[in-house]
Visitor: 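Provided herewith is a single structure, encoded as structure tokens, for subsequent inquiry.
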2 protein chains.
Amino acid sequence: MKQAANLTKNQSLVYSTLSDAGGPLSAYSILDVLRDEGFRAPLQVYRALEKLQEQGLVHRLESINAFVACADPGCSGHGTIAFAICDTCGQVDEISRTAIEKPLRAWTTSNEFEAEKTAIEIRGKCRECKD
Amino acid sequence: MKQAANLTKNQSLVYSTLSDAGGPLSAYSILDVLRDEGFRAPLQVYRALEKLQEQGLVHRLESINAFVACADPGCSGHGTIAFAICDTCGQVDEISRTAIEKPLRAWTTSNEFEAEKTAIEIRGKCRECKD
DNA sequence: CATGCAAATGTAATAGTATTACACTGGATG
DNA sequence: CATCCAGTGTAATACTATTACATTTGCATG
Ligand SMILES: [Zn+2]
Ligand SMILES: [Zn+2]
Ligand SMILES: [Zn+2]
Ligand SMILES: [Zn+2]
């Protein structure tokens with residue numbers, strides 16, 4: 001669990017929930033977990049998630065509408081991140097390789113595209129779940 | 001517009017709508033366009049989209065919950081596809097480069113991950129819209 | 001032609017995800 | 001104190017997708 005300093009109460013609660021889960025959760029799943037702590041509305045979760053994403057503590061998995069705590073202590077350092085998502089057990093691996101970013105940047109550069117956010121998500125079955 | 005043979009009535013209507021749009025549309029936008037043609041329920045759109053995706057005529061853009069007609073006549077040939085999506089004007093470019101797929105396959109191979117579907121989506125501003 | 005099956009369709013209801021709008025709090029700053 | 005600003009609480013609404021069930025269509029087969 002990365003440095004969770006400078007987080008507000010709600011942000012801490014959401015981040016802890018995601019860290020403890022050890023895998024991706026939907027915003028509404030987080031809400032359900034935090035009802036005991038006084039959460040009542042989805043917006044409380046979405047607002048916290050937004051800040052956590054800005055700080056690189058949490059990533060959004062676009063293809064499954066879920067959020068996951070960053071697994072990499074130095075994540076804010078690396079640029080483009082890829083995720084391997086197991087559709088069977090839900091486990092997520094964070095892949096950080098320069099080799100992935102390079103060909104994409106080659107394209108954006110030569111096409112003068114100003115990239116702001118890149119999502120790379122591999123869906124399938126992990127080693128445990130295939131067979 | 002690729003060979004649209006073997007398509008049922010609804011599939012043809014959805015595919016034509018996407019092709020004519022020249023850019024991504026949400027399922028409900030497609031539904032609105034096709035109400036005149038007799039469409040009444042979202043499921044009619046989703047069912048057609050599913051078949052069109054299977055045939056490689058249409059791609060789903062995960063990060064914006066939208067669908068786009070394939071721009072590449074030989075798309076079924078290429079494997080992993082990347083998309084550059086302009087958040088300002090909505091234009092989508094389909095990027096097909098072996099160099100992108102290679103490092104990802106290197107990871108999946110060495111981690112024994114059985115990839116089924118990969119989404120690569122670059123969000124930002126296109127040449128026209130930046131500045 | 002008649003029968004039977006599989007794919008496609010029509011429709012309603014529901015589930016799941018995300019945002020807008022407005023009111024309020026508390027602390028920092030001058 | 002007056003002001004500002006980030007964060008919060010709450011309700012209502014909008015947007016996206018699926019489940020369930022009834023019906024129709026196209027086509028292969030006897
Ligand atoms: Zn990370
Ligand atoms: Zn698994
Ligand atoms: Zn394509
Ligand atoms: Zn643009």
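In what follows, chains are A, B, ... by sequence order, proteins preceding strands, each numbered from 1.
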Visitor: Does NZ in Lys130(A) sit with more than 12 non-hydrogen atoms of other residues, nucleotides or ligands closer than 6.0 Å?
Guide: yes
Visitor: Locate the shortest heavy-atom distance separating Glu121(A) from Ile85(A); write the atom from each residue and the value.
Guide: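 Minimum heavy-atom contact is OE1-CD1, 3.9 Å.
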Visitor: Arg40(A) has an atom CZ; how far is it from atom P of dA23(C), in whole Å?
Guide: 21 Å
Visitor: If the cut-off is 4.0 Å, is Arg47(B) near the phosphate of dT11(C), judged by side-chain N/O to OP1 or OP2?
Guide: no
Visitor: Rounded to whole Å, please give me the gap between CG in Asn6(B) and P in dA7(C).
Guide: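 One finds 15 Å between P of dA7(C) and CG of Asn6(B), rounded.
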Visitor: dT17(C) phosphate, OP1 or OP2: any side-chain N/O from Ser26(A) under 4.0 angstrom?
Guide: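 Yes, within the criterion.
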Visitor: Whether Glu62(B) and Lys117(B) form a salt bridge (side-chain N of Lys/Arg under 4.0 Å from carboxylate O of Asp/Glu) is what I want to check.
Guide: yes
Visitor: Nearest to the side chain of Thr8(B) - dA18(C), dA8(C), dA21(C)?
Guide: dA8(C)
Visitor: With a 4.0 angstrom cut-off to heavy atoms of chain A, pull out the first and last contacting nucleotide of DNA chain D, in 5'-to-3' order.
Guide: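 From 5' to 3', the first and last contacting nucleotides are dG7(D) to dT10(D).
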Visitor: Report yes if a donor N or O on one partner sits less than 3.5 Å from an acceptor N or O on the other, where the partners are the side chain of Tyr28(A) and the base of dA18(C); otherwise report no.
Guide: yes
Visitor: Indicate whether OP1 or OP2 belonging to dT17(C) is found under 4.0 Å from a side-chain N or O atom of Asn65(B).
Guide: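 No.
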Visitor: Centroid separation under 6.0 Å, is that true for the rings of Phe83(B) and His59(B)?
Guide: yes
Visitor: Counting just side-chain N and O atoms, does Lys9(B) come under 4.0 Å of either OP1 or OP2 of dT9(C)?
Guide: no
Visitor: Same cluster or not: Ile120(B) versus Phe113(B), using hydrophobic residues (I, L, V, M, F, W, Y) connected whenever any side-chain heavy atoms lie under 4.5 Å apart?
Guide: yes
Visitor: Salt bridge between Arg127(A) and Glu112(B), side-chain N to carboxylate O under 4.0 Å?
Guide: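 Between Glu112(B) and Arg127(A) there is a salt bridge, with a charged N closer than 4.0 Å to a carboxylate O.
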